[in-house]
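Naming: A, B, ... by sequence-line order, numbering from 1 per chain. Everything quoted here is computed from the prediction, not taken from an experiment.
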2 protein chains.
Amino acid sequence: MKIVVDCLGGDNSPEANVEGAILTLRKHEDLKLILVGDETSIREVLEKRNVTSKRIEVVHAPDVVTGNDKPIDAIRLKKDSSMIRSIRMLREMEDVDALVSTGATGPLVAAATLRIGRIEGVRRPAFCPILPTMAGGVVGICDSGANVDVSAEMLQQFAIMGSRYLEGAYRVKNPRVGLLNIGKEDEKGDDLRREAYQLLSGTKSINFAGNMEAREFLSGDYDLVVCDGFSGNVLCKAVEGTALELLKKIKTDIYSKKKYKFGALFMKKMFMEEKEFMNYQNYGGSVLLGTEKVIVKGHGSSDRAAVRVCVDQAYRMVKSKMNENIRKSIMEDAAFREE
Amino acid sequence: MKIVVDCLGGDNSPEANVEGAILTLRKHEDLKLILVGDETSIREVLEKRNVTSKRIEVVHAPDVVTGNDKPIDAIRLKKDSSMIRSIRMLREMEDVDALVSTGATGPLVAAATLRIGRIEGVRRPAFCPILPTMAGGVVGICDSGANVDVSAEMLQQFAIMGSRYLEGAYRVKNPRVGLLNIGKEDEKGDDLRREAYQLLSGTKSINFAGNMEAREFLSGDYDLVVCDGFSGNVLCKAVEGTALELLKKIKTDIYSKKKYKFGALFMKKMFMEEKEFMNYQNYGGSVLLGTEKVIVKGHGSSDRAAVRVCVDQAYRMVKSKMNENIRKSIMEDAAFREE
């Protein structure tokens with residue numbers, strides 16, 4: 001297995017990307033890495049960490065794609081950037097299976113959509129980030145921002161792709177799929193939601209659990225939430241934002257009184273665990289589902305640990321033959337509808 | 001001022017509704033109440049609390065509209081229900097200024113839309129719940145579920161109505177309005193959001209602060225968030241759900257170890273305050289903006305304190321001449337566009 005790691009474009013690049021990537025080598029003996037970015041700085045990090053391995057290749061592409069680059073400009077004008085170069089390798093080299101990047105989302109999605117083919121039958125690739133649930137498991141959101149306008153059929157494909165992803169990369173058996181809606185009852189929501197409800201109910205390759213309200217998202221009653229990219233983006237950011245703000249408030253409140261500060265001394269470990277629990281970087285990047293090769297988009301602020309999780313995630317997606325499983329499910333579903 | 005209180009349909013009705021309502025009488029000397037529901041049980045609560053006041057009127061309407069009633073059926077078949085009767089009084093009695101209900105949302109919105117006129121120029125009434133921010137203030141969401149499909153012009157009206165509401169009922173000066181979107185940049189989102197961005201930028205009667213991501217919702221940087229009812233519903237429920245689930249998790253974790261339990265003894269008050277802070281019922285009901293008379297929808301699980309806040313909220317909305325201010329702003333804006 002060969003994974004390309006784009007080592008530029010993140011807040012902590014290239015150190016975090018290089019260090020995170022090499023941490024995965026020990027765990028997976030069949031894994032080879034191609035580190036793309038400024039060769040000198042990548043080699044410096046490798047030297048500092050005393051890493052020499054035949055399983056690491058370094059490719060020099062020193063330009064950086066930033067959030068200020070218009071996606072189309074990045075693709076046309078920044079051919080020597082680590083991101084566009086990585087995409088080209090993913091496209092052209094048959095033995096390269098996956099790409100991990102912490103660079104700008106817009107250019108990455110555009111380049112992936114234009115340069116990397118879609119899995120047979122897939123209408124549009126979609127983002128699927130993973131968050132922790134209060135029941136100790138994880139829950140995915142598909143789509144979380146790649147497609148603002150969607151059709152019922154696209155929502156159905158998001159359900160199929162997300163289900164194969166959770167089975168393959170997280171070993172969730174028979175993932176329970178909820179349709180994000182403004183109420184639980186069957187007939188809730190707009191025409192799109194009602195049509196999607198019918199379609200999802202008749203989709204054999206998923207385990208549809210009905211409408212889900214945003215309030216239940218962290219409950220652990222669902223493994224995957226299916227939604228348009230706009231409301232999925234709102235859901236994801238609202239949950240992350242609320243958790244972070246609330247923990248910040250608790251911290252401020254603790255420091256406001258000596259008594260609280262004293263009590264908190266006994267609970268340090270608990271609060272640390274709470275913070276780690278809600279740190280979404282621990283659960284991996286937001287994967288792009290539906291492209292012919294695996295693409296994982298890590299958060300821009302990813303540290304070494306976060307990049308490690310992303311590479312590991314990509315490994316599991318490839319290893320579980322996720323894309324082949326997505327293709328089969330989508331074909332089966334199309335055949336079923338034609339019958 | 002006269003406010004009708006629908007005393008049936010909530011989880012704690014009629015006690016909570018009657019007790020919450022009478023608590024507001026002392027605060028506002030010019031307030032009169034009409035309590036609608038089963039007369040015997042309402043009078044029982046009044047007697048138990050030793051309340052006799054010339055400012056209280058009781059109207060017998062013993063039927064209950066529930067969440068299982070289809071809105072249209074409730075209106076046609078449950079004419080003797082407290083909700084439909086309350087709506088009729090709001091419509092027919094000129095001296096009645098507002099209605100507070102903790103009953104089923106669907107039937108209430110339908111009855112209000114069909115039976116109570118809209119403020120001149122208003123296209124559609126919209127819900128605007130209020131939540132606390134981490135900066136110690138409040139933030140409104142308009143719309144949070146009454147309109148799943150919206151136009152840019154409707155979003156503009158939500159911004160105007162919400163602004164007049166926050167000024168009148170919460171004394172927020174020059175409320176900062178954010179457009180809920182998937183990114184901060186001007187051109188983010190779908191056609192609707194881009195068109196709304198332009199419209200909001202040119203609206204004189206509001207203080208438009210640009211696009212807002214769901215992550216920033218609790219930051220205190222915005223006083224009002226404008227959105228379609230679908231994503232507004234997702235935002236509102238995601239924030240409430242995450243806060244509740246996280247506080248629940250912290251509680252469970254505290255009880256998991258003796259050391260934590262000991263530490264928490266010193267922080268009891270803080271955790272209680274944290275819980276009260278995130279209890280959205282403390283901030284009032286979800287008001288319906290745009291109808292000719294003021295309507296406040298309290299949460300179904302409202303207790304006495306929550307009902308009290310709702311009646312108080314209705315009082316402040318009427319007192320501040322909110323509806324007249326909404327009408328003026330919308331007229332001014334229409335005139336401005338015609339020039």
Side-chain angles (χ1 to χ4, degrees), chain A residues 105-106 133-134 144-145 148-149 180-183 189-193 213-219 227-250 252-254 256-257 259-271 273-274 277-278, chain B residues 105-106 133-134 144-145 148-149 180-183 189-193 213-219 227-250 252-254 256-257 259-271 273-274 277-278:
Chain A
T105 307
T133 73
M134 296 299 167
S144 74
V148 173
D149 292 309
L180 183 62
N181 208 333
I182 57 172
D190 50 7
D191 291 347
L192 170 67
R193 262 34 83 151
E213 289 189 275
R215 195 179 282 130
E216 308 163 276
F217 176 65
L218 296 177
S219 66
C227 45
D228 65 273
F230 194 93
S231 52
N233 195 274
V234 168
L235 175 62
C236 185
K237 287 176 180 167
V239 171
E240 288 175 3
T242 305
L244 288 177
E245 292 281 0
L246 198 58
L247 290 175
K248 217 161 72 185
K249 183 177 184 326
I250 290 176
T252 311
D253 288 350
I254 287 173
S256 72
K257 281 196 185 167
K259 197 177 161 188
Y260 298 162
K261 250 169 99 174
F262 178 73
L265 286 177
F266 301 89
M267 304 166 85
K268 223 168 182 170
K269 195 163 162 253
M270 191 195 90
F271 284 120
E273 282 169 2
E274 231 57 87
F277 171 76
M278 284 314 298
Chain B
T105 308
T133 73
M134 296 299 166
S144 74
V148 174
D149 291 310
L180 183 63
N181 209 331
I182 57 173
D190 50 8
D191 292 346
L192 171 67
R193 261 33 85 150
E213 290 189 274
R215 195 180 281 130
E216 308 163 275
F217 176 66
L218 295 177
S219 66
C227 45
D228 65 274
F230 194 93
S231 52
N233 194 275
V234 168
L235 175 62
C236 185
K237 287 175 180 166
V239 170
E240 288 174 4
T242 305
L244 289 177
E245 291 281 1
L246 198 57
L247 289 176
K248 216 161 73 185
K249 181 178 185 325
I250 290 175
T252 311
D253 288 351
I254 287 172
S256 73
K257 278 194 186 168
K259 197 178 162 187
Y260 298 161
K261 249 169 100 174
F262 178 72
L265 285 178
F266 300 91
M267 304 167 83
K268 222 168 184 169
K269 193 161 163 255
M270 191 195 90
F271 284 121
E273 282 168 2
E274 231 57 88
F277 172 76
M278 285 312 301

When A:Gly229, A:Gly145, A:Gly106, A:Ala264 are compared by non-hydrogen pairs under 4.5 Å with chain B, the top option | A:Ala264
Should B:Met278 and B:Thr242 count as side-chain neighbours, where that means a heavy-atom distance under 4.5 Å?
-> no
Part of [X] within contact of chain A (heavy atom distance under 4.5 Å):
X: B:Glu245; result: both
X: B:Asp191; result: neither
X: B:Lys269; result: both
X: B:Ile250; result: both
X: B:Asp190; result: both

Non-hydrogen atoms of chain B under 4.5 Å away: do they reach the side chain of [X], the backbone, both or neither?
X: A:Leu192; result: neither
X: A:Phe230; result: both
X: A:Leu244; result: neither
X: A:Ser219; result: both
X: A:Met134; result: side chain

Could you tell me whether A:Lys259 atom NZ has more than 12 heavy atoms of other residues or ligands within 6.0 Å of it?
-> no
Using a cut-off of under 4.5 Å on heavy-atom pairs, state which of B:Gly241, B:Ala214, B:Ser256, B:Cys227 scores highest against chain A.
-> B:Ala214
Please determine, among B:Leu247, B:Leu265, B:Ile254, the option with the most heavy-atom pairs under 4.5 Å with chain A.
-> B:Ile254
OG1 (A:Thr133) and NZ (B:Lys249) are apart, to the nearest 0.5 Å, by 10.0 Å
Can you tell me how far CD of B:Glu274 sits from CG of A:Leu246, rounded to the nearest 0.5 angstrom?
-> 6.0 Å
Name the orientation class of the two ring planes belonging to B:Phe271 and A:Phe271 (parallel below 30°, tilted from 30 to 60°, perpendicular beyond 60°).
-> parallel
Mind telling me whether A:Phe262 and B:Phe266 have parallel, tilted or perpendicular rings, with 30° and 60° as the class edges?
-> perpendicular
Quick note, salt bridge (charged side-chain N to carboxylate O under 4.0 Å, His left out) partners involving residues 229-244 of chain B, not counting sequence neighbours, are A:Glu213-B:Lys237, A:Arg215-B:Glu240
ring-ring contact (aromatic ring centres under 6.0 Å, His included) partners of A:Phe277, counting only residues at least two apart = none
Which is it for A:Asp253 and B:Glu273 under the side-chain contact (heavy atoms from CB on, under 4.5 Å) test, yes or no, and what are the steps along the way?
-> CA-CA 10 Å; A:Asp253 288 350; B:Glu273 282 168 2; 6.0 Å; no
